[in-house]
Amino acid sequence: MHVIRTVNSKRFSLNGIEYLKNYITHVSGNQLEIFNCYDRADVLLPLTHYNQFMVNGSVYNSASQLQSALADVLYVRTTLGAVAADINQDNIDLVRRLTISAFSMANVLNAINNGPAFTVNEKQSVWFAISVIPSSRRGTKSIYKYKMTGLGKGDYGAPNGSNSPTPLTAANLELVYYSVLDRDLIYQAPSTININLGTINLPLISSVINQRPVNAPLSFDSITERFTVLEATYNGALQRRLWVGGTGKYGQGAQQVTEDDLEVIPEPVSIPTVPTYTQVLNAGPLSNAYAIHYGSLNQNTTGYGTDIKYSNPDGNSIIVEFEDPVATVKRIVPTGAADDYFALRSEINKPVKQINDDDPNVVNGVYALTAEDTNCWLSFNNTITLTVHIPEEVFSAGTLIEGDASGTAQVNFTAAPNVTLQLPTGELSRTAGQYSVFGIKFRSESEALLFGRLELI
């Protein structure tokens with residue numbers, strides 16, 4: 001993934017390296033190329049699939065959308081003239097194009113340090129475009145692009161006269177791009193020559209060329225990206241070949257072509273699409289696997305599944321579990337100072353069940369809880385003291401009953417002999433006054449915890 005960001009009004013960055021906004025784009029199919037608007041040979045990024053770009057944190061669904069997003073990020077007219085002098089950098093980078101027959105860092109450094117001499121001024125950035133072409137020109141071909149780092153103004157390359165060039169080491173090269181020279185890159189290279197031989201009556205393209213008059217020279221030059229692609233149709237099938245022979249004229253009365261001079265053009269390297277998190281969720285948000293997020297300041301994780309699990313590297317966790325819902329509820333975390341302690345407040349979208357003095361379920365001043373009460377918010381609007389009784393063998397572990405005492409009289413709580421009613425230390429089993437809120441949480445079928453605004457001892 002290539003990450004492009006706006007640095008300021010004059011610069012952008014590609015994979016963390018800053019550049020002047022002197023670059024424009026070219027779209028070919030689903031691929032996009034970035035090059036210097038003042039030097040077409042200065043290709044910052046060869047043709048690359050649009051799904052391999054992230055621009056200011058966003059990805060795009062087509063090459064055209066990506067091109068539109070990049071327009072103002074890569075280029076601005078004000079980097080010309082006097083403004084360019086203010087930022088103390090030339091508009092054109094220095095690009096050195098070299099070819100080696102096999103890739104190794106030793107071969108790369110040898111090609112640079114023993115290649116043509118070049119001089120760098122104090123304002124230039126230096127790039128090396130290294131083509132790896134086997135000696136036979138057949139087989140896998142690749143392109144590496146390096147940026148020179150840690151060095152500046154001076155002479156480089158092979159000694160030339162009295163100069164003493166500075167040799168580069170591996171520490172002075174930063175790899176910013178690598179690609180196999182595949183079919184698409186060959187077809188879309190600016191200097192590629194395409195020769196269509198039409199329908200042929202011989203199975204070998206080489207035989208057809210040898211019988212034809214000499215036309216344009218056939219060439220293979222990785223430095224200038226001057227390739228020759230030959231196409232022909234035989235028995236209804238299209239054949240494509242890359243010329244890998246020597247540069248020259250071939251045909252009737254001239255040099256003759258052999259099959260060794262032609263190579264089947266490799267298919268493009270398949271680049272898998274990397275979907276964004278949003279695209280994954282839009283495609284199917286349901287999963288039985290945890291979504292685990294890492295903290296940016298530590299290695300703590302938060303896992304989201306049927307519960308929420310916050311863990312540290314030592315294996316310690318805080319787990320928030322959820323009961324099977326019987327109604328739609330909402331929990332609100334109240335705002336407060338940084339050192340506040342608070343209990344979660346419930347805003348429950350349950351139907352309100354109001355119990356008055358004359359409610360038929362109130363018998364001799366006692367209201368016995370039922371299983372249906374778990375689906376309601378109990379609001380006791382009593383004017384005389386009322387007792388809420390907790391029966392046995394009705395509620396299972398985890399059950400929560402909540403409500404309020406909105407009446408002017410107190411609400412007392414009692415439990416059956418086989419049910420233990422636990423109370424907070426220093427509090428009684430009755431509400432503290434009008435509009436007191438209460439909750440009963442069953443820790444087991446035979447044990448319940450009473451909490452809320454209760455009267456103190």
Side chains of Q279 and N61, donor plus acceptor under 3.5 Å
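There is such a pair between these side chains.
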
Residues T169 and N172: side-chain donor-acceptor under 3.5 angstrom:
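Distance-only check passes for T169 and N172.
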
Indicate the ring-plane relationship of H2 and F53, choosing parallel, tilted or perpendicular according to the 30° and 60° boundaries.
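H2 vs F53 ring planes: tilted.
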
Which of parallel (below 30°), tilted (30 to 60°) and perpendicular (above 60°) describes W127 and Y19?
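Ring orientation, 0 to 90° scale: parallel.
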
Donor-acceptor list for residues 393-400 side chains, cut-off 3.5 Å, not counting sequence neighbours:
from, atom 1, to, atom 2, distance (Å)
T399, OG1, S396, O, 2.9

Sequence neighbours left out, what passes salt bridge (Lys or Arg N to Asp or Glu O under 4.0 Å) with E447? Give chain and number order.
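Checked E447 against salt bridge (Lys or Arg N to Asp or Glu O under 4.0 Å); matches are R443.
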
Mind checking what makes ring pair (Phe, Tyr, Trp, His ring centres under 6.0 Å) contact with F103, not counting sequence neighbours?
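Testing F103 for ring pair (Phe, Tyr, Trp, His ring centres under 6.0 Å), a comparison that skips the adjacent residues, returns Y144.
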
What pairs with E445 under side chain to side chain donor-acceptor pair (under 3.5 Å), at least two apart in sequence or on another chain?
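Here no residue qualifies.
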
Let me confirm one number: the NZ-CD distance from K10 to E18, rounded to the nearest 0.5 Å.
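Interatomic distance, K10 NZ to E18 CD, rounded to 0.5 Å: 12.5 Å.
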
Spatial distance of atom CD (E33) from atom CG (L47) [nearest 0.5 Å]:
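Going from CD on E33 over to CG on L47, the span is 5.0 Å.
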
side-chain contact (heavy atoms from CB on, under 4.5 Å) against A69, all qualifying residues, sequence neighbours excluded
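A69 satisfies side-chain contact (heavy atoms from CB on, under 4.5 Å) with Y60 only.
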
Can you run down the side-chain hydrogen bond (donor to acceptor under 3.5 Å, both in side chains) pairs that involve residues 104-117, sequence neighbours left out, and say none if there aren't any?
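Listed once each, the pairs are S104-N107, N110-N114.
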
